[in-house]
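Report on the following structure.
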Amino acid sequence: MPSLTRRRSSASPGGVIVHDEEDTSSSEDESLDGEVVVVTGRKGSTRLDEDPRVEVDATVSVKKTKAAPITLSLKKVCKVCKGTGHEAGFRGATYIDCPKKPCFLCKMPGHTTISCPHRAAVENGAVPARDSRGAQTHLDYVFKRQLRAKIPVLKQSFVIPDQVDCGVIKLHSRRVTCLEFHPTKSSILLSGDKKGQLGIWDYGKLHEKTVYGSVHSCILNNMKFNPSNDVMLYTSSSDGTVCYTDIETGIPLILMDLNPNGWNGPASWRMLYGLDVHPEKGLLLVADNFGYLYLVDMRSQNPIGEPLLIHRKGSKVVGLHCNPLQPDILISCGNDHFARIWDVRRLEDGSSLAHLAHGRVVNSAYFSPLSGSKILTTSQDNRIRVWDSIFGNLESPSREIVHSHDFNRHLTPFKAEWDPKDPSESLAVIGRYISENYDGVALHPIDFIDTTTGQLVAEAIQPDITTISPVNKPHPREDILASGSSRSLFIWKPKETADFDEQRKRKSDFVFVRPEKDSKGGMDCDSDDDFVSDPKAKKPKGHKGRKVKPSVSLLL
DNA sequence: AAGTCATGTCGCC
DNA sequence: TGGCGACCCTGACT
């Protein structure tokens, strides 16, 4: 008589799975010529042929012969569409899409990410979308093949900080939401997290880092320095407050609180997003999750005027940016799928100068940093858009670039950032959502895109960083990029300037800092315990099913 | 090492 | 228009 074989599992390869209930005495019988029997059992039912209560899965066939071969024909089920005959998920370090769903990259049906024309192209994911105003002609191809290669490059070559110089693991206890470089002290990076904590890290000295936990009580969405006082920082948060904080003490002054009566449910709780300074007027601009813009007078430190509806009522305003040359010109973007341009001098209901339509939520809209004449937007329809002249035709973007930066509720929204040091105002930096198989490791690079051509200029990867990096900030003056990946921060430099000899000398590429569990007030992370250089220290784990090479640089 | 959980947007009814 | 549930590459922790 065969004994009942049970297996407690929920994802055996190729298996529909059945669980025991209240049974702690599971056992496996290997005498059945390697065949596995998966049975739904109940407490006390130990033998299949004796207990009529045993339920056999529909896909299991049981032969009551002497040898009692019990076979399984378990159908593979796609975790995405629940259909059979295919499976979505990682195969090694390569992700296989569900063929029944639209392409995860360009969102068009009929193909998957692997065969997507936007991915298969040499530009590898970041290529200009087909221009809707003019299909490609034969002349275009002639131009590309025969002429373009002979045109001398007039543009300066980009300097790409694509080598990790140093990093802080877990300075924050929740994912990083925003980054800002100190305006005058070049090696100081400020970071905000989902918990509302404010991190200050001097990456030049590595050890000097502080986390203030009492500035905000939930997501720190944006920060901006006072242009006339580089110790003072403005922050906006989903707790509904704008704070003005001395970064040397971490003591905040609340300039505005939209939830003075506390929590009365989500219908009334206001969250503040976007934050920018109008230096000439001494104005602070912030917006909320119901579509309203607020102005705060920086001198009197008080809100002024009435809130103005700038996006669809009830929809979140995600970002604000004043034009660098004409700060009266403001751009806002929001969940109503629009970016809108305003004149701060005459703000009224419906007075927007232009509205830029997008396929989905607009995560960010920034004027170009030098001339302010271009606009770069990031939308959740997996497209980066560039509008070339804010005084020109804004009905449609002058360029759309397909790029993977989808929405995921567990990730900080991706935002493409201008490189402020690029005199041609064409280089943009943005993290990539979908992974690429890099020598057997699934990694999510940070992409450097030439927005004038849509070409992927460079992609920054580091085998140790297996997490997605949605937050990236190019340094305003130096060839440095800061990125926030989950709870960690990294500093990237160009290969030739990254100081690897120095790193080897100090035997640590990375600095590990334990997050404080329940921080009240400032947290000083400078105790010796915070640093790990032990070769036995925990290695970074790859994601499920992804093959990750052992880390060397982390453990030097 | 499989399970758990945190929790934003969108589409559908 | 509003409430509800599905959800495609998460990541850290148990």
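Here is how names work: the chains are called A, B, and so on, in the same order as the sequence lines, proteins then strands, and each is numbered from 1.
- Salt-bridge formation is not detected for the pair E87(A)/R91(A): no Lys NZ or Arg NE/NH1/NH2 atom is positioned less than 4.0 Å from an Asp or Glu carboxylate oxygen.
- Set against dT9(B), dG11(C), dC8(C), the side chain of F407(A) has dT9(B) as its closest nucleotide.
- Applying the salt bridge (charged side-chain N to carboxylate O under 4.0 Å, His left out) criterion to R340(A), with sequence neighbours excluded, gives D336(A).
- In this structure K79(A) satisfies the salt bridge (charged side-chain N to carboxylate O under 4.0 Å, His left out) test with no other residue, sequence neighbours excluded.
- Atoms CG (N221(A)) and C1' (dG8(B)) sit 13 Å apart, rounded to a whole Å.
- Not counting sequence neighbours, the partners of A458(A) by the side-chain contact (heavy atoms from CB on, under 4.5 Å) test are I160(A), F448(A).
- Partners of K316(A) by salt bridge (charged side-chain N to carboxylate O under 4.0 Å, His left out), not counting sequence neighbours: none found.
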Base versus backbone protein contacts along nucleotides 1-7 of chain C [heavy-atom cut-off under 4.0 Å; B, S, -]: ------B

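- Across all strands, I434(A) comes closer than 4.0 Å to base atoms (heavy-atom distances).
- Between K224(A) and D276(A) there is a salt bridge, since at least one side-chain N of the basic residue sits less than 4.0 Å from a carboxylate O of the acidic one.
- Relative to the side chain of R487(A), the nucleotides dC8(C), dC13(C), dC9(C) differ in distance, and dC13(C) lies closest.
- Across all strands shown, P102(A) has heavy atoms under 4.0 Å from base atoms, whether or not it also approaches the sugar-phosphate.
- As rounded to whole Å, 11 Å separates atom P of dG11(C) from atom CG of L443(A).
- Using a 4.0 Å heavy-atom distance criterion, Y433(A) is classed as a sugar-phosphate-only contact.
- Relative to the side chain of S486(A), the nucleotides dA12(C), dC9(C), dT10(C) differ in distance, and dA12(C) lies closest.
- For the pair D336(A) CG and dT9(B) P, the interatomic distance rounds to 12 Å; values are reported in whole Å.
- For D162(A), there are no salt bridge (charged side-chain N to carboxylate O under 4.0 Å, His left out) partners two or more places apart in sequence or in a different chain.
- Rounded to whole angstrom, the span from the CG atom of L411(A) across to the P atom of dG8(B) amounts to 12 Å.
- Computed from coordinates, the K194(A) NZ to dA12(C) C1' distance equals 13 Å when rounded to whole Å.
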Polar-atom pairs under 3.5 Å, protein N or O versus N or O of nucleotides 10-13 of chain B: list them with distances, or write none.
none

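- Scanning for ring-ring contact (aromatic ring centres under 6.0 Å, His included) contacts around Y366(A) gives H321(A), with sequence neighbours left out.
- A stacking contact between H410(A) and dG11(C) is absent: the pair does not combine a ring-centre distance of less than 5.5 Å to the base's six-membered ring with planes differing by less than 30°.
- Contact annotation for K79(A): no contact, since no heavy-atom pair falls under 4.0 Å across all strands.
- Between N408(A) atom CG and dC5(B) atom P there is a gap of 18 Å when expressed in whole angstrom units.
- Here the C1' atom of nucleotide dG8(B) and the CG atom of N363(A) are 11 Å apart, to the nearest Å.
- Remark: P413(A) engages N363(A) in a side-chain contact (heavy atoms from CB on, under 4.5 Å) (not counting sequence neighbours).
- With respect to the salt-bridge test (charged N to carboxylate O, under 4.0 angstrom), the residues D288(A) and R270(A) qualify.
- Across the C1' atoms, dG11(B) and dC9(C) are found 22 Å apart, a figure rounded to whole Å.
- Spacing between atom CZ of R174(A) and atom C1' of dG11(C) amounts to 11 Å, rounded to whole angstrom units.
- Comparing dA12(C), dC9(C), dT9(B) by their nearest atom to the side chain of K316(A) picks out dT9(B).
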